[in-house]
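Working notes, beginning with the structure itself.
Note that these values count all heavy atoms, side chains included, but never hydrogens, waters or copies made by symmetry. The structure displayed is predicted, hence computed values, not measured ones. Counting starts at 1 for both ligands and their atoms, in listed order.
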Amino acid sequence: MQVADTTANTTLKIAAVRFAPSPNGLLHLGHARSALLNWHFARESGARFLLRIEDIDITRARPEFERAILEDLAWLGLDWPKPFRRQSDHFDDYRAALAELRKLGLLYPAFMSRAELANHVRAHEETGRTWPRDPDGAPHYPDVDRGLSEAERTRRMDAGEPHSWRLDMQSALTGLAPHETGTTPLIWQEEGQGPDGEVGQLVADPAAWGDVVLARRDVPASYHLAVTVDDALQAITTVIRGQDLYASTSVHRLLQSLLGLPTPVYRHHSLVRDRSGRKLSKSDGDIALAELRAKGMTPADVITMAGLDERK
Ligand code: GLU
């Protein structure tokens, strides 16, 4: 006879962190810093270290970059439970989240192309007025499609007009649960630091993003949606990532609230910068880990260059 294990505590939450690179290029020192900070945090706190490949940008993601990422991380001495999560294998999870938001009446199809949007903003700015921009500098989506009737939306979609899906930010904010509006705003616990030293209980400001894209024209997800859904599905308890993603947390916090998902703790970390103070980026051709490796550098050298020491 089997005896039930009464000591098992089903409410026990196993801590987990994740490193979530996009396979659009080779990893550089900035990625190494993020991966290593996650790794050390996991080792020190007993959390699981998970890898997630964020490849929803199907036009830029390449299998050879994914292979190179795995190789670089293993070379640094990291390992992770297999199989790891690859976002492009899970579009149904994002579709389900979109369906929920649609049911709440918070999504609308947005038909403007990038060029049309740019023209719209230019025409406005030529009159000497400013146009609101999100924290990444992208213009807010104008109020052109939000108010279309259901019949008009359906007609245009049925006619095959390309469209993304955007969040109706104003409705999303007014539809928040009562404890998250009014005197108790949407907050998160920051245990790292925002770019201006923000720490502690922070108030999210999703409105700064305007009507964000939650599903792109080509895929049923966007960065904001996929990252929020995945952090919940992978039961991530602490999100450790660069300060370049700090402002995005406001959107993630809002989506968690709308979708009824748990909120992890956030630890944003400073970025590795080049001598001129510019943040490293693959597209600017910054030195890849693979290149440093080929030059004879050791993992210990990279750990130091990424701003961590070997004490850990
Ligand atoms: N995939 C994102 C990147 O490579 C990271 C996402 C995140 O950590 O939230 O920048």
In ligand 1, which numbered atoms sit nearer than 4.0 Å to a non-hydrogen atom of [X]?
X	answer
Arg18	7 (C), 8 (O), 9 (O)
Glu54	1 (N), 2 (C), 5 (C), 6 (C)
Leu245	5 (C), 6 (C), 7 (C), 8 (O), 9 (O)
Val227	9 (O)

Test item: side-chain donor near acceptor, Asp230 and Thr228, under 3.5 Å:
no
May I ask you to check whether Arg241 and His268 show a side-chain donor-acceptor distance below 3.5 Å?
yes
For Arg166 and Asp145, what are the C-alpha separation, side-chain angles and deciding distance, and is it a salt bridge (Lys or Arg N to Asp or Glu O under 4.0 Å)?
CA-CA 10 Å; Arg166 287 183 178 263; Asp145 295 328; over 6 Å; no
What pairs with Phe49 under ring-ring contact (aromatic ring centres under 6.0 Å, His included), at least two apart in sequence or on another chain?
Trp39
Below a 4.0 angstrom heavy-atom separation, can you tell me which part of Asp244, side chain or backbone, both or neither, approaches ligand 1?
neither
Tyr223 heavy atom under 4.0 Å from ligand 1
yes
Quick check on Arg52 - does any of its heavy atoms sit under 4.0 Å from an atom of ligand 1?
no
So, is His31 polar-close to ligand 1, with some N/O to N/O distance under 3.5 Å?
no
Geometry only, no angles: is Ala20 polar-contacting ligand 1 at N/O separations under 3.5 Å?
yes
Atom of Arg86, atom of Asp55 and distance for their closest heavy-atom approach:
CG-OD2, 3.2 Å
Between Tyr246 and Trp188, ring centroids under 6.0 Å
yes
Suppose we call two aromatic rings close when their centres sit under 6.0 Å apart. Are His140 and Trp209 close by that rule?
no
